[in-house]
Amino acid sequence: MSPASKPISLTRYLIEEQRAGHISADLRLLIEVVARACKTISVAVGKGALGGVLGDAGTGNVQGEAQKKLDVIANDVLLEANAWGGHLAGLASEEMEHSQPIPDVYPRGNYLLLFDPLDGSSNIDVNVSVGTIFSVLRCPDGVTTPEDEHFLQAGRDQVAAGYCVYGPSTTLILTVGHGVHQFTLDREQGSFMLTQRDMMVPEDTKEFAINMSNQRHWEAAMQQYVDDLLIGKEGPRGKDFNMRWIASMVADVHRILTRGGIFIYPWDRKDPSKPGKLRLMYEANPMSLLIEQAGGAATNGRMRILDIAPDQLHQRVPVFLGSKNEVDIATRYHLEFDALP
Ligand code: AHM
Ligand code: MG
């Protein structure tokens, strides 16, 4: 590869963003620290059975889900990496009931970090891609010891968001509000390198991603929407659709960022007390910001996800995201059913 075409590193990209006035020095440090933690997690995931990291941890998280060993490892890696840099005021995780302020022994910064340390962890033991999702918010003015309530900000107020997929290659996808960029881990050098600038989601698609086994539990609008996709050319949509479902949101969203599609995790009646499966603050919000920054759309079937005012740290939400025109159509099905007498 000639020097002119050599990709730049994440570090250089972030310095250039700082010079352009898009990010502060603390936000640059924060993203570097998260990326470093992702490298460590990538190494642990990559060891598989040889590292003794597969299988259940024998514990449960606040959401009543059994934790995998790697859920716990990834959470610890992110906590430790982010404790002492001085860039954060506090952090919150899928794996912890409450947020944690940065310990008193370290300086506190102006940002809040939320993460799902290992998304799709039911896939670890079968060697399918998993990932880390993160979201960055500002700590409200005057708050020095943040509590859960200070994290409850709408997704549109995120200052950065991203995810890292631990797949055949380790890939970091990042937005600081100026487009979506892809960095690939050079395993020999230990550096993330910028391999694609300005990812764009095609507006139209013929591909959908959904767990079809829940179909009988969906509401009527969802049933109708997916029925119409499945009828294909002969139905009202006038074209055939293909289906893909990896059951790792990071991997499904990554496919959609790369080649388009719609990802759906709707509300269903399996457990009516839950308004969806995916969590707003550290799954739906960061993914929605990335998708919108790449020209796509993200709704809960009725409204823009980034406009939802959260009321709980671990609140769940239905998710429809991806190619803009397809998300608009799926959302319209819901609004039209709602408007029926
Ligand atoms: P997790 O954060 O506990 O791994 O749960 C979220 C995952 C998503 O990655 C994925 O889209 C979904 O759960 C899969 O759910 P299902 O078991 O219905 O396939
Ligand atoms: Mg998850």
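Bear in mind the structure is a predicted one, so any value in this text is a computation, not a measurement. Atoms within each ligand, like the ligands themselves, are counted from 1 in listed order. One-based numbering along the sequence shown. Note that these values count all heavy atoms, side chains included, but never hydrogens, waters or copies made by symmetry.
- No donor-acceptor distance shorter than 3.5 angstrom exists from the side chain of Gln18 to the backbone of Arg28, with no hydrogens or angles considered.
- For ligand 1, the atoms closer than 4.0 angstrom to any heavy atom of Arg279 are 1 (P), 2 (O), 3 (O), 5 (O), 6 (C).
- Ring geometry for Trp245 against Phe263 counts as parallel: the plane angle stays under 30°, on a 0 to 90° scale with 60° as the upper cut.
- Among the atoms of Leu278, none of the N or O lies under 3.5 angstrom from an N or O of ligand 1.
- Looking at Asp116 against ligand 1, only its side chain comes within 4.0 Å, counting heavy atoms.
- Ligand 1 places these atoms under 4.0 Å from at least one heavy atom of Ser121: 4 (O).
- Residues that satisfy the side-chain hydrogen bond (donor to acceptor under 3.5 Å, both in side chains) test with Ser191, not counting sequence neighbours, are absent from this structure.
- The pair Asp116-Arg279 does not meet the salt-bridge criterion, since no charged nitrogen lies less than 4.0 angstrom from a carboxylate oxygen.
- Within ligand 1, counting atoms from 1 as listed, the ones closer than 4.0 Å to a heavy atom of Trp245 are 11 (O), 14 (C), 19 (O).
- Between Lys206 and Asp240 there is no salt bridge, since none of the side-chain N atoms of the basic residue sits less than 4.0 Å from a carboxylate O of the acidic one.
- Atom numbering of ligand 1 starts at 1 in the shown order; those under 4.0 Å from a heavy atom of Glu94 are 1 (P), 2 (O), 3 (O).
- Every N/O-N/O distance between Ser122 and ligand 1 stays at or above 3.5 Å.
- For ligand 1, the atoms closer than 4.0 angstrom to any heavy atom of Ala247 are 9 (O), 10 (C), 14 (C), 19 (O).
- Ion pairing between Arg12 and Glu16 holds under the 4.0 Å rule for side-chain N and carboxylate O.
- Atoms of ligand 1 lying under 4.0 Å from any heavy atom of Ser248, numbered from 1 in the order shown and given with element: 9 (O).
- With a 4.0 Å cut-off on non-hydrogen atoms, Val250 does not touch ligand 1 at all.
- In the vicinity of Glu283, heavy-atom distances shorter than 4.0 Å reach the ligand 1 atoms 2 (O), 6 (C).
- Among residue pairs with one or both ends in residues 303-326, those qualifying as ring pair (Phe, Tyr, Trp, His ring centres under 6.0 Å) are Tyr282-His314, Phe320-His334; sequence neighbours excluded.
- Ring orientation note: the planes of His178 and His22 are close to parallel, at an angle under 30° on the 30°/60° scale.
- Inter-residue side-chain proximity for Arg138 and Asp157 is flagged as unmet; no heavy-atom pair is nearer than 4.5 Å.
- Contact annotation for Phe263 and ligand 1: only side-chain heavy atoms (C-beta onward) come within less than 4.0 Å of the ligand.
- Some N or O of Tyr265 is nearer than 3.5 Å to an N or O of ligand 1, by distance alone.
- Residue Asn211 has at least one heavy-atom neighbour below 4.0 Å for each of these atoms of ligand 1: 16 (P), 18 (O), 19 (O).
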